[in-house]
Engineer: 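Below is one structure. I have some questions about it.
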Amino acid sequence: MSSPQSLPEVHAAPRRPWRTGRVLATVTAALFLLLGVGMLVGGGALRLADATLRDDDGYVMSSAHAWQSPGYAVRSESAEIRSDSTTLDLPHRLLGTMTATADPATPNGVFLGVARTADVDRYLTDVAQSTVVDPFDENGEPSLSFVDGGSPAVAPTAAGFWVASARGRGPQQVTWEPEDGDWTLVVMNGEGTTPVAADVAIGAEVPVLGTLGTWLLVAGLIVVGLSGIGLWLAVRRR
């Protein structure tokens, strides 16, 4: 009998070592892939917020919180709006129309007004009032600071400096267009009496929310696609 013939040995082709350029290309593609995934997540979150956080009037609203004072007024801290542009209406483009609501918690009804901070300061000089120094304390409620004083010279309804105001015994709402400057929201009783108590919520149209979410989704898809191709080309066997 003839002896069995031995099979030829098969040697695998040696793998080429990874060079510095290939390593850098792989790391760069992986980083861009992570960036693209982050953009997709952020865009999706913005689109979800745009679809779910708006009320029936199209505003993105905060939760209602109790604004109360033993004095004659509750005011927000000054809100500064600066666009640093003379040609673009950036506050309106970013925020859209702004709104605030107040639901009175006393039988005296409620007055709700927004005005420039300088006008509010003059009106409430030496008036007993509370200021919302922190919208959310450790309990999720506003933190207020009270300053004692007297009564306002005139009822808030008689003052003529309000950019937007509303008064009544039921829930009240004001809307205004944001402009450059320092602004303050004020809650009082209609006749300027004490105490003051109302549930207040603030919101804005924020038209940029949905647009930014869409752009992030589109850009994220492009980045993920291109970086995925780049990563495959970098790690494939050569």
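Values reported hereafter were calculated over all heavy atoms of this structure, with side chains retained and with hydrogens, waters and symmetry mates removed. All values derive from a computational prediction rather than experimental measurement.
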Engineer: For residues Thr26 and Leu231, determine if any side-chain heavy atom of one lies less than 4.5 Å from a side-chain heavy atom of the other.
Structural biologist: yes
Engineer: In chain order, what residues pass the side chain to side chain contact (heavy atoms under 4.5 Å, CB included) check against Ala166, with sequence neighbours excluded?
Structural biologist: Gln172, Val174
Engineer: In the structure I gave you, are the side-chain heavy atoms of Trp162 and Pro156 within less than 4.5 Å of one another anywhere?
Structural biologist: yes
Engineer: Would you say Thr157 and Phe111 make side-chain contact, with heavy atoms under 4.5 Å?
Structural biologist: yes
Engineer: Please enumerate all residues that pass salt bridge (Lys or Arg N to Asp or Glu O under 4.0 Å) together with Arg122, with sequence neighbours excluded.
Structural biologist: Asp119
Engineer: A side-chain contact here means heavy atoms from C-beta on lying under 4.5 Å apart; do Val74 and Leu144 qualify?
Structural biologist: yes
Engineer: List in chain and number order the residues that pass salt bridge (Lys or Arg N to Asp or Glu O under 4.0 Å) with Arg167, two or more places apart in sequence or in another chain; answer none if no residue qualifies.
Structural biologist: Glu191
Engineer: For Ala73 versus Val186, what's the shortest heavy-atom pair and its separation?
Structural biologist: CB-CG1, 4.3 Å
Engineer: Check whether any side-chain heavy atom of Thr101 lies under 4.5 Å from a side-chain heavy atom of Val200, and answer yes or no.
Structural biologist: no
Engineer: Give me the atom names and distance for the closest heavy-atom approach of Val110 to Gly170.
Structural biologist: CG1-O, 4.1 Å
Engineer: Run the side chain to side chain contact (heavy atoms under 4.5 Å, CB included) test against Ser62 and tell me which residues pass, sequence neighbours left out.
Structural biologist: Ala201, Ile202
Engineer: Who pairs with Glu77 by salt bridge (Lys or Arg N to Asp or Glu O under 4.0 Å), at least two apart in sequence or on another chain?
Structural biologist: none
Engineer: Are Thr175 and Thr97 close enough that a side-chain donor and a side-chain acceptor fall under 3.5 Å?
Structural biologist: no
Engineer: Looking at every non-hydrogen atom in both residues, tell me the closest pair between Ala198 and Val187 and how far apart they are.
Structural biologist: CB-CG1, 4.1 Å
Engineer: Are Leu221 and Trp215 in one and the same hydrophobic cluster, where Ile, Leu, Val, Met, Phe, Trp and Tyr link if side-chain heavy atoms are under 4.5 Å apart?
Structural biologist: no
Engineer: Is it true that atom CG of Asp55 has more than 12 heavy atoms of other residues, nucleotides or ligands lying nearer than 6.0 Å?
Structural biologist: yes
Engineer: Will you find, in the side chains of Thr99 and Gln173, an N or O donor that is under 3.5 Å from an N or O acceptor?
Structural biologist: yes
Engineer: Quick one: closest heavy-atom pair of Ser227 and Ala29, and the distance?
Structural biologist: CB-O, 3.5 Å
Engineer: Any idea which heavy atoms bring Ala115 and Val120 closest together, and the distance?
Structural biologist: CB-CG2, 3.9 Å
Engineer: Which distance, rounded to the nearest 0.5 Å, do you find between the CG of Leu112 and the CG of Asp103?
Structural biologist: 11.5 Å
Engineer: How would you list, by chain and number, every residue that makes a salt bridge (Lys or Arg N to Asp or Glu O under 4.0 Å) with Asp50, sequence neighbours excluded?
Structural biologist: Arg54
Engineer: Just by modelled atom types, is the Trp183 backbone N or O under 3.5 Å from a matching donor or acceptor in the Thr117 side chain?
Structural biologist: yes
Engineer: Of all the heavy-atom pairs spanning Ala155 and Tyr123, show the shortest one and how long it is.
Structural biologist: C-OH, 3.4 Å
Engineer: Indicate yes or no: does Asp121 engage Arg75 in a salt bridge with an N to O separation below 4.0 Å.
Structural biologist: yes
